[in-house]
Trainee: 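Pasting a structure here, questions to come.
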Amino acid sequence: MTDFDESTPRSAPKPGSIAARAMAARGSQSPDYLAGLNPEQRAAVETTEGPVLVLAGAGTGKTRVLTTRIAHIVSTGRAWPSQILAVTFTNKAAREMKTRIGLLLGGQVEGMPWLGTFHSIGVKILRRHAELVGLKSNFTILDTDDQIRLIKQLIQAENLDDKRWPARTFANMLDAWKNKGLEPANIPEGDARAFGNGKGRELYKAYQDRLKSLNACDFGDLLMHPIAIFRAHPDVLADYHRRFRYILVDEYQDTNVAQYLWLRLLAQRSALQTATGGEGETDPFDDTGPRAIDDDPDAHDGMWDDEASPAEAAEGSPPAGSDDAGRAVDRKGQPPRINICCVGDDDQSIYGWRGAEVDNILRFDKDFPGATVIRLERNYRSTGHILGAASHLIGHNEDRLGKTLFTDHPDPDDPKVEVNAGWDSEEEARAIGEAIEDLQRREDHDLNDMAILVRASFQMRTFEDRFVTMGLNYRVIGGPRFYERMEIRDAMAYFRCVCQPADDLAFERIVNTPKRGLGDATIRLLHDYARARGVPLIAAAMQMVETEELKPKPRNTLRRVVTDFLRWSELLPNTKHTELAEQILEESGYTEMWQNDRSAEAPGRLENLKELIRSMEEYESLPSFLEHVALVMDTEQNAEMDAVSIMTLHSAKGLEFETVFLPGWEEGLFPHQRSLDEGGRSGLEEERRLAYVGITRGKRRVKIWFVSNRRIHGLWQSTIPSRFLDELPEAHVDVMEANTSYGGYGAGGFGAYGSSRWDGAAAFNEGAYKTPGWRRAQAAKAGFAEGGAGQPGGRGGDGWSGGRSREIDYDAGASGARAGRGHNQPARQGLGLHASARRGGPREIEGELVAKSVSTDQSRFDAGDRVFHLKFGPGTVALVDGNKLTVDFDKAGQKRVLEGFVESA
DNA sequence: ACCAACTTTATTTTT
DNA sequence: TAAAGTTGGT
C-alpha cells in the first residue's frame, strides 16, 4: 500500500479555493490522495452523495476509507470541515481519525469541530441547548460511582431495602433503558415492576429529577437529552440539518438504539421510510415527540456563520463545472439529501450485551432507501490461512450480511492456524510462554508484535504468574483505569467542588475524606437542611455552621472545610490551575492522609496524584480539565518497552499483531456459558464473532489453545474443546501434538500423556472408559508414583504503575536457558477430534482444601480409602461430604474433589 | 467511627 | 480461590 504521507501534497489546496475546485473538476485525473485505493475503497470514498453503507471486513482499510472520504469531501469543496459530522465510539478512534485527516489535508484545515465520540458530540450539543431540558449549560457529568451513590440515596428515600435492591443493579437497568432510548414513561411494564417492589418507574423519574436539581446528567443522558431536544424543537434540529452536510459513522455495528435514533434525527427522519426494530408496545421508535421534521431553513438563521459550502461561498458564480456529479448542497429551501455514510462490520459486532443492535447495520438499506452498499473484502492484514480459517468459522453464523475476506498475496509457505491441546491452564501458560521465547529467539520476533487474547480476564492471571517466573516482559491492556482509581476520584471530587460549588455528589464524597469526624449523623443533618432550603450542600453547610443546629465539634470541622473551599474558589481565577490543585490536595490534608498510610499501595497512590497534576499541565484551566476527564477516562500509555500484550478479545478489536495466541477455547469459557444461557443462539453467534475478531487480529500466525482442566471459581473443572474448533476448516489448520515433558515433574506436569491427554479426560467425563485416551490415562497411573504435581513458582512482582495497563519490565535477556523447550509437531489426526458426543457442560472435579460441613449422605468412599485421581494421582480420603471428598494426595497435597472423578485404588 | 470476621459472588467495557 | 461487600463487635 502506498503511504498517504508520500502521496499527499505537502499543502493541500485551500478548501474553496480555485485550486480545490479545479482539482475537483479535473475529472479523469484523480487527486493524489485517491492513489493506492483499491476500486471498492475508492467507490466508498467517491460516493459522497446519498446514504452509503460500507461493510468493511477486518483489515480492509476501514479507517483509511473514512479519513480519505473526509479529505475528499473537503478538498473538492463539497463542505467545510465544520460541516461534517463524524462520530466514533471511542476517544482513541476519534484521535486517530483526527491525526490521519490532519495528515491528508496537510494541516491547512483546522481540526474538525464535529469529529468525536457520540458522547462528546452529545455534550457539545447539550451545552448549547441545556436550558431546553431544564439544565444549565455548565451541567456536570456524573461518573458511575456518583451515579450509584445517588441511586442508593434514592432507594433509601423510597424506604426500600438497599441490599435487596442494590443500586448497582438499578444503575445497570437505567443504562439499558437509556441505551434503548427509553424515557421513564416508555420503559416496559415488566422492567418497571421488576425492581424495588414495582417502583422501577418511580425511581427512574426520581433519578432524573434529582439529576436536574443537581444540574447534572449521566452518560446516557448525553444522548437522551439531545434526542429529546431534537424531537421537541424542530427549529433546533433544522439548524443541525443545515449544518451537517455529511455524516460519517464509524463502527456502525456497535450503535445502540439511542445512538441510532440520534443519528436518524440528524440524518432527517422525514426522508426515512420505516422504523423497525422495536419490540412490543414500548417501541422506542414510535413514542412521543413531533414526528415531522420538515426543514424550515428560513425560520432562523445566523446561528451558524458558515452555512454555505466552500464551493458556494467561493467568489463569483455558482460552482464551475455544474456537471460535477452530485453536488449535494442545494439552495436554501430544499432539504438536502441524506449524505450519511456508515462504516462497520456486522461480523465484528461484539457489544450486544452493552446495548449494541446488530440489527441497525443489518437493516441499513431499509432505514435509508436507495442506499449504496459497498463491501470491502480485500484484506491487507492476514495470511490466506488466517483469512480462510476466520471466514469458515464466521460462516456458521446465520445473522449476517455476508462477506468473504480474501488476500492478494496467498503464500503456501505461510503457517496454518495452529490448534494446540494442553492439560491445564498452567501448562497452557507455560507452553505459550515457551512458544513466545522460541519466536523471539529463532525469528527475532518483537514481543510488541505478539498478543495473548483471552475471553475473560481471570485467564490473564495464569499468564502473568508464568511470565513473572520466566522473566518475560508483558503488558496487560485493559483493567482498572487511571481515572477510576480511588485517589484520583477523590482528588477530582475536590476540584469539582471548587469549580462547581453545587456538585453535591463530589462534596459528599470528600467531606469526610480524609477522616475528619464528620460521620453519617452530621451528613444526614446537613442533607436535611439543604433539602429543606433547596440549596446545594456546600451552601447549606455555609449557612448551617452559623446556626446552633450542629454540635460544636462537627460544626467547627465543617466550618473549616467550607472556608477551605471558599478560599480555593477565590483563588481559582487568578492561580495557575496546577498550583491550585496541589494546594488543594495539600491543604485539605488529602496528601497527608496517604503519606501517613502505611499500606503497600500508598506510595503508588501518591505517585498517581502527582501524575494527575502533571497531566493537568496540558489543559488551560481546572474546569476544562474536568470536562475532559469526564469524557475521556483514558490515558495514553507508554509503548516503549518490548512486551507481549495480554488483553481480552473485546479490547483487541481494531488491533493487529504479527502473532496472536488464543488460549482457552473450551466449552463454557469460549463460548462462554453465560452467553449461551442468556443469549441463546444470538448469544452463541456473538461469541463466534468474538472468535472471528480474535483470529483476524493475527497478521501471520494464529495459535489457538484449549486445555482439559481449568480452575474456575476455585474449583477444578474438566473441560471439553470449544465447538468453534470443529468449525475451523481443516485446510487452513494444523492440529499440533504436544511433545513436551517440561523438564521433569517438578515443573508441574506429571509426565506426558501425548496428544490425547485431553481426549482421555473427555472420555473420562462421559464414562467411556474404554477409549484409547482412557487406556493411556490408566497407563499413566503406573508412572505416576514417580512424578509429582508440584506448583511452579508463585506470584510476584506487584510493582506496576498507574495508567490503564500494568507492565512488568525485566532486563532484556534476563531469561536464561531453561530445560525442556517445547516442540510442536503437526499431529497425524485431522480435525475430527472433537466428536460432538463429547460435548456437555464442564464438570466440577476438584475443589477447595477443607470441607465446611460433613453431611451424612452416603458415598461409595469412606475416610481412609485409597483413591486415584486423573490430575492428582493417588491419595487417601480424609473426609467425605456427600459427593465431595477431601483427599490427601500423595503428591499434590490435600484437595477437595468430586467423587465422580476419583477411582478406587 | 473503625476494624475484623463473615458472606457472597464471581464475562465481556465505553462513555 | 480470592476479591468485594456486609455485619457485628469494640
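In what follows, chains are A, B, ... by sequence order, proteins preceding strands, each numbered from 1.
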Trainee: Is there any protein nitrogen or oxygen under 3.5 Å from a nitrogen or oxygen in nucleotides 8-10 of chain C, and what are the pairs?
Mentor:
none

Trainee: Just to be sure I understand the rule, does Ile121(A) reach a base, reach only the sugar-phosphate, or reach nothing, if contact means heavy atoms closer than 4.0 Å?
Mentor: nothing
Trainee: Closest to the Arg674(A) side chain: dT11(B), dT13(B), dT15(B)?
Mentor: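 Ranking dT11(B), dT13(B), dT15(B) by closest atom to the Arg674(A) side chain puts dT11(B) first.
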Trainee: Return the set of residues passing side-chain contact (heavy atoms from CB on, under 4.5 Å) with Ala356(A) (not counting sequence neighbours), or none when no residue passes.
Mentor: Tyr351(A)
Trainee: For residues Val358(A) and Asp346(A), report the shortest heavy-atom separation together with the two atoms involved.
Mentor: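 It is CG1-O, 4.1 Å.
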Trainee: Going by salt bridge (charged side-chain N to carboxylate O under 4.0 Å, His left out), name the residues that satisfy it together with Glu487(A), two or more places apart in sequence or in a different chain.
Mentor: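 In terms of salt bridge (charged side-chain N to carboxylate O under 4.0 Å, His left out), with neighbours along the sequence ignored, Glu487(A) is linked to Arg605(A).
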Trainee: Tell me whether the ring of Trp353(A) lies stacked over the dT12(B) base, given a 5.5 Å limit on centroids and a 30° limit on the plane angle.
Mentor: yes
Trainee: Taking only the P atom of each, what is the distance from dT12(B) to dG5(C) in whole angstrom?
Mentor: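 Per the computed distance, 15 Å lies between those P atoms.
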Trainee: Looking at Glu627(A) and Arg127(A), is there a salt bridge between them, counting it only when a charged N and a carboxylate O are closer than 4.0 Å?
Mentor: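 Result for this pair is yes, salt bridge flagged.
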Trainee: Taking the six-membered ring for Trp, are the ring centroids of His650(A) and Trp353(A) within less than 6.0 Å of each other?
Mentor: yes
Trainee: For dT13(B) versus dA2(C), give the span between their C1' atoms, rounded off to a whole number of Å.
Mentor: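 Nearest-Å result for dT13(B) against dA2(C) at atom C1': 22 Å.
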Trainee: The side chain of Glu484(A) is closest to which nucleotide in this list: dT13(B), dT15(B), dT12(B)?
Mentor: dT15(B)
Trainee: Classify the nucleic acid contact of Gly122(A) as base, sugar-phosphate or nothing, counting any heavy atom under 4.0 Å across all strands shown.
Mentor: nothing
Trainee: On a whole-Å scale, what distance lies between the C1' atoms belonging to dT11(B) and dT6(C)?
Mentor: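 Here dT11(B) and dT6(C) have their C1' atoms 24 Å from each other.
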Trainee: Pick the nucleotide of DNA chain B nearest each of Thr522(A) and Gly220(A); which residue has the one closer to the 5' end?
Mentor: Thr522(A)
Trainee: Among dT11(B), dT15(B), dT13(B), find the nucleotide with the atom closest to the side chain of Thr117(A).
Mentor: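 Out of dT11(B), dT15(B), dT13(B), the nucleotide with an atom closest to Thr117(A)'s side chain is dT15(B).
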Trainee: From NZ of Lys653(A) over to C1' of dT11(B), roughly how many Å is that when rounded to an integer?
Mentor: 17 Å
Trainee: Looking at Arg354(A) and Asn179(A), what are the two nearest heavy atoms and their distance?
Mentor: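 Shortest heavy-atom contact: O-OD1, 3.0 Å.
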Trainee: Nearest-Å distance, CE (Met647(A)) to P (dT13(B))?
Mentor: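 Checked: the CE to P distance equals 11 Å.
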Trainee: Hey, is Lys180(A) close enough to Glu357(A) for a salt bridge, meaning N to O under 4.0 Å?
Mentor: no
Trainee: Using a cut-off of strictly less than 4.0 Å, decide whether Ser120(A) has a side-chain nitrogen or oxygen near OP1 or OP2 of dT15(B).
Mentor: no
Trainee: Given atom NE2 of His628(A) and atom C1' of dT14(B), what is their separation to the nearest angstrom?
Mentor: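 For the pair His628(A) NE2 and dT14(B) C1', the rounded distance is 15 Å.
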Trainee: Taking only heavy atoms on the protein side, list every residue of residues 168-178 of chain A lying under 4.0 Å from any atom of DNA chain B, sorted numerically.
Mentor: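 The stretch gives none, as no residue of it lies under 4.0 Å from the strand.
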Trainee: Rounded to whole angstrom units, what separation is found between the CG atom of Asn91(A) and the C1' atom of dT13(B)?
Mentor: 13 Å
Trainee: Specify the separation, in whole Å, of atom CZ of Arg711(A) and atom C1' of dA2(C).
Mentor: 10 Å
Trainee: Side chain of Glu687(A) only, heavy atoms from C-beta on: which candidate in dT13(B), dA1(B), dT11(B) is closest?
Mentor: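 Looking only at side-chain atoms, Glu687(A) lies closest to dT11(B).
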Trainee: Base, sugar-phosphate alone, or nothing: which one does Glu251(A) contact when heavy atoms must sit under 4.0 Å apart?
Mentor: nothing
Trainee: Can you figure out which of dT11(B), dT15(B), dT13(B) approaches the side chain of Tyr351(A) most closely?
Mentor: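 The closest nucleotide is dT13(B).
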Trainee: Under the 3.5 angstrom rule, does the side chain of His713(A) hit a backbone N or O of Leu715(A) as a donor-acceptor pair?
Mentor: no
Trainee: More 5' along DNA chain B: Leu631(A) or Leu690(A), using each one's nearest nucleotide?
Mentor: Leu690(A)
Trainee: With a 4.0 Å cutoff (strictly under), does any side-chain N or O of Ser675(A) reach OP1 or OP2 of dT12(B)?
Mentor: no
Trainee: Measure from the side-chain heavy atoms of Arg481(A) and tell me the nearest of dT14(B), dC2(B), dT13(B).
Mentor: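 The answer is dT14(B), which lies nearest to the side chain.
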Trainee: Which nucleotide in the set dT14(B), dT11(B), dT13(B) lies at the smallest distance from any side-chain heavy atom of His672(A)?
Mentor: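 Nearest to the side chain of His672(A) among the choices is dT11(B).
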Trainee: Choose from dT14(B), dT11(B), dT12(B) the nucleotide whose nearest atom is closest to any side-chain atom of His713(A).
Mentor: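 Nearest to the side chain of His713(A) among the choices is dT11(B).
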Trainee: Residues in side-chain contact (heavy atoms from CB on, under 4.5 Å) with Leu655(A), at least two apart?
Mentor: Lys92(A), Met647(A), Phe657(A)
Trainee: Take the protein atom CG of Asp221(A) and the nucleotide atom P of dT14(B), then report the distance between them rounded to whole Å.
Mentor: 20 Å
Trainee: Is it true that Lys178(A) and Asp175(A) make a salt bridge, defined as a side-chain N closer than 4.0 Å to a carboxylate O?
Mentor: no
Trainee: With sequence neighbours excluded, tell me which residues meet ring pair (Phe, Tyr, Trp, His ring centres under 6.0 Å) with Phe118(A).
Mentor: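 Result, ring pair (Phe, Tyr, Trp, His ring centres under 6.0 Å) vs Phe118(A): Phe89(A), Trp262(A).
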Trainee: May I have the distance from Leu649(A) (atom CG) to dT11(B) (atom P), rounded to whole angstrom?
Mentor: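 After rounding, the reported distance stands at 15 Å.
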Trainee: Strictly below 4.0 Å, N to O, side chains only: are Asp424(A) and Arg711(A) in salt-bridge contact?
Mentor: no
Trainee: Measure CZ/Arg461(A) against C1'/dA3(C) and give the value in whole Å, please.
Mentor: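 Value for this atom pair: 11 Å.
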Trainee: Determine whether a donor-acceptor pair (one donor, one acceptor, N or O, separation below 3.5 Å) exists between the side chain of Arg455(A) and the base of dT12(B).
Mentor: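 Answer is yes: a donor-acceptor pair is held.
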